[in-house]
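Written out below as structure tokens is the structure these notes cover.
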Amino acid sequence: MKKVLIANRGEIALRILRAARELGIRTVVAHSEADAESLPVLLADEAICVGPPSPTQSYLNIPNILSAAIVSGADAIHPGYGFLAENPTFAEMVREHGITFIGPTAENMRALGDKASARKIAREAGVPVVPGTDELQDPEEAKRAAAEIGYPVILKASAGGGGRGMRLVHTEEELERAVLQAQEEARAAFGNPAIYLEKYIEEPKHVEVQVLGDGERVIHLFERDCSIQRRHQKLLEEAPSTLPTEVRDGLLKSAVRLAEHIGYVSAGTLEFLVDREGNFYFIEMNTRIQVEHPVTEMVTGVDLVREQFLIAAGEPLRLKQEEIRASGHAIEVRVNAEDPDKNFRPSIGKVETLLWPGGAGVRVDSHLYAGYRIPSHYDSLLGKIIVWDLTRDAAIARMRRALEETALEGPGLKTTIPFHKKVLDNAFFRRGAVYTNFVARRMSE
Ligand code: MV4
């Protein structure tokens, strides 16, 4: 592998660029017109414009991205997260053009991209899933299942994921209409009306397992707790979780079993819900590198993006499970251009003052620079601050210090930093009493 096309933007484009450079691989950043002045473009060996600001015309434009790879002579493409990262058709087209896709196989993506299919695969592999159904044929089938499982139940779109296309149902009276509406919504949103039903787990923890696979062997790199989110957007992530050892061990074993069952290749994440009794249930798998991967890197010392490159280059996994140790505690906060006082409304502007934190145990992944104009066409992530320390309490204190040190200002620019300071001071958070309703329940004063 000599030259990689980075088919993404922002902090993850920079993250991939850094990993490539350390491996001696040349970098080409594919960018939209709106990102011509972005840091990854400025730092790359080469940059190539793939279209206008609108993502559908640039970062999602398969012919343009493929042409950019061919024209620049790239022999590999890294898709990052979002955009084309989990599109099996794209992965297949890359492969058919003789270019290495840095990520899972198209077959891996197809097996897990449909959530009802992922549930079936998990059951085959002996991994616990939430009590529920396969793809529903009609409201009657839903009624029979819900009567057996008990209310409340949740309807989910098979083509959804990450909280999109879900509907909570409390009683049998609501169910028929809900099924028909959910099918209609799924058809409109995803072009696929398939839905399935699950028992609704109240106040779960959201714990995800990081894995690496080479198609033969899978190892885990422990778990992350991602319960702190708002409207399915994660805000703060940490590793390890606060789960009891027996629960945690079961979860990690299950994750490896599932990923091995499908011959998973590259970095992936298996999401689980953990209920109050410590029962865990697989819900979905993300077949990409994730935003929050640095917390795992901080506790294990493994560079996940570098491993993605090596696996894609055809090298067998060089790490053995026994060699992976998690030590200490890491926390990541997402610094978004959003106003927490105005319902997290996106805020845009120019970065005038910029001072990121530093010192022992602090890492910053960000594409910002002083003078950077934040484009309005994309997600609001400005960067991530990640800290590591020996204990969770010490990591919280370190993150508080890091946030106090940060100066990120510009005319009209608001960020999620003040919100994060409040989370770090919250007594429930400090105790680890954090469930998926934390922001709604504990942070809406
Ligand atoms: C659930 C659930 C409760 N019961 N499934 C939301 C994101 C998607 N990955 C799955 N989600 C949920 N599925 C059952 N059967 C609650 C959620 C959920 C949630 C999950 C993870 C993180 C935050 C969440 C916030 C609300 C609901």
Side-chain angles (χ1 to χ4, degrees), residues 81-82 86 112-120 122-123 127-136 142 145-146 148-170 175 178-179 182 185-186 189-190 195-210 223-239 241-243 251 255 258 268-288 290-292 295 332 334 344 423 428-429 433-444:
Y81 51 65
E86 297 181 86
L112 299 160
D114 180 282
K115 309 299 162 193
S117 146
R119 260 176 76 82
K120 260 196 193 146
R123 279 206 314 268
V127 169
V129 296
V130 188
T133 68
D134 288 332
E135 187 184 325
L136 286 171
E148 201 175 305
I149 293 164
Y151 289 85
V153 295
I154 188 166
L155 300 172
K156 296 186 177 182
S158 301
R164 298 180 322 139
M166 302 192 329
R167 183 180 283 256
L168 182 58
V169 182
H170 287 95
L175 189 58
V179 167
E185 276 174 24
F190 312 111
I195 61 164
Y196 61 101
L197 176 150
E198 285 179 356
K199 179 171 183 59
Y200 182 69
I201 311 293
E202 316 247 10
E203 297 204 359
K205 278 185 183 284
H206 181 217
V207 180
E208 57 184 34
V209 180
Q210 177 70 56
E223 80 287 5
R224 302 182 282 259
D225 187 309
C226 302
S227 299
I228 300 203
Q229 54 76 47
R230 181 183 169 275
R231 300 197 180 164
H232 307 301
Q233 294 295 325
K234 293 169 186 162
L235 287 161
L236 179 151
E237 304 94 356
E238 56 186 311
S241 66
T242 55
L243 294 177
L251 192 90
L258 205 176
T269 300
L270 297 101
E271 296 189 14
F272 293 84
L273 297 178
V274 185
D275 70 17
R276 290 302 188 100
E277 286 92 61
N279 301 304
F280 62 85
Y281 310 97
F282 167 77
I283 49 170
E284 53 192 78
M285 181 165 180
N286 302 317
T287 54
R288 60 167 188 270
Q290 288 192 261
V291 175
E292 60 271 29
V295 295
E332 170 180 282
R334 296 190 188 192
F344 291 79
V423 171
F428 293 92
F429 173 73
V434 172
Y435 307 93
T436 49
N437 61 355
F438 173 83
V439 176
R441 175 140 174 231
R442 311 288 185 201
M443 293 299 294
S444 59

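Remember, it's 1-based here, ligands and their atoms both numbered in the order they're listed.
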For atom 10 (C) of ligand 1, closest protein heavy-atom neighbour: Ile283 CD1, 3.6 Å

If you scan protein heavy atoms around atom 21 (C) of ligand 1, the nearest is His206 CG, 3.4 Å

In the protein, which heavy atom is nearest to atom 22 (C) of ligand 1, and how far is it? Thr436 CG2, 3.3 Å

Taking the six-membered ring of Tyr435 as reference, does the cationic atom of Arg441 (NZ for Lys, CZ for Arg) lie under 6.0 Å from its centre and within 45° of its axis? no

Judged by heavy atoms only, the candidate from Asp275, Asn286, Leu197, Leu273 nearest atom 20 (C) of ligand 1 is Leu273

Please state which protein non-hydrogen atom is closest to atom 4 (N) of ligand 1 and give its distance, to 0.1 Å? Ile201 N, 2.9 Å

Salt bridge (Lys or Arg N to Asp or Glu O under 4.0 Å) between Glu332 and Arg224, worked out: CA-CA 10 Å; Glu332 170 180 282; Arg224 302 182 282 259; over 6 Å; no

Ser158 and Glu135: side-chain donor and acceptor closer than 3.5 Å? no

Are there more than 12 heavy atoms of other residues, nucleotides or ligands under 6.0 Å from atom CD of Gln233? no

Compute whether any side-chain donor of one residue and acceptor of the other, for Asn286 and Tyr81, lie under 3.5 angstrom apart. no

Are any of the heavy atoms in Lys156 under 4.0 Å away from ligand 1? yes

Ligand 1 atoms in contact with Val130 (distance to a heavy atom under 4.0 Å): 15 (N)

Among protein heavy atoms, which lies nearest atom 18 (C) of ligand 1, and at what distance? His232 CE1, 4.2 Å

I would like to know whether Arg119 and Glu284 meet salt bridge (Lys or Arg N to Asp or Glu O under 4.0 Å); could you show each step before the answer? CA-CA 8 Å; Arg119 260 176 76 82; Glu284 53 192 78; over 6 Å; no

Lys199 heavy atoms, cut-off 4.0 Å: which ligand 1 atoms fall inside? 4 (N), 14 (C), 15 (N)

Working note: Thr287 + Glu86, criterion side-chain hydrogen bond (donor to acceptor under 3.5 Å, both in side chains); need CA distance, chi angles, decisive distance, verdict. CA-CA 6 Å; Thr287 54; Glu86 297 181 86; 3.1 Å; yes

Pull out every atom of ligand 1 sitting under 4.0 Å from any heavy atom of Glu271, numbered as shown with elements. 9 (N)

Could you walk me through whether His206 and Glu271 pass the side-chain hydrogen bond (donor to acceptor under 3.5 Å, both in side chains) test, one step at a time? CA-CA 7 Å; His206 181 217; Glu271 296 189 14; 3.0 Å; yes

Hey, could you give me the CZ/CG distance between Arg167 and Leu155, rounded to the nearest 0.5 Å? 7.5 Å

For atom 11 (N) of ligand 1, the closest protein heavy atom turns out to be Met166 SD, 3.6 Å

So the atoms of ligand 1 within less than 4.0 Å of a heavy atom of Glu198 turn out to be 5 (N), 14 (C), 15 (N)

Could you tell me whether Lys156 sits above the aromatic face of Tyr196, with NZ or CZ closer than 6.0 angstrom to the six-membered ring centre and within 45 degrees of the axis? no

Which heavy atom of the protein is the closest neighbour of atom 25 (C) of ligand 1, given with residue, atom name and distance? Gln229 NE2, 3.1 Å

What atoms of ligand 1 come closer than 4.0 angstrom to any heavy atom of Glu284? 8 (C), 9 (N)

Please state which protein non-hydrogen atom is closest to atom 8 (C) of ligand 1 and give its distance, to 0.1 Å? Gly163 N, 3.5 Å

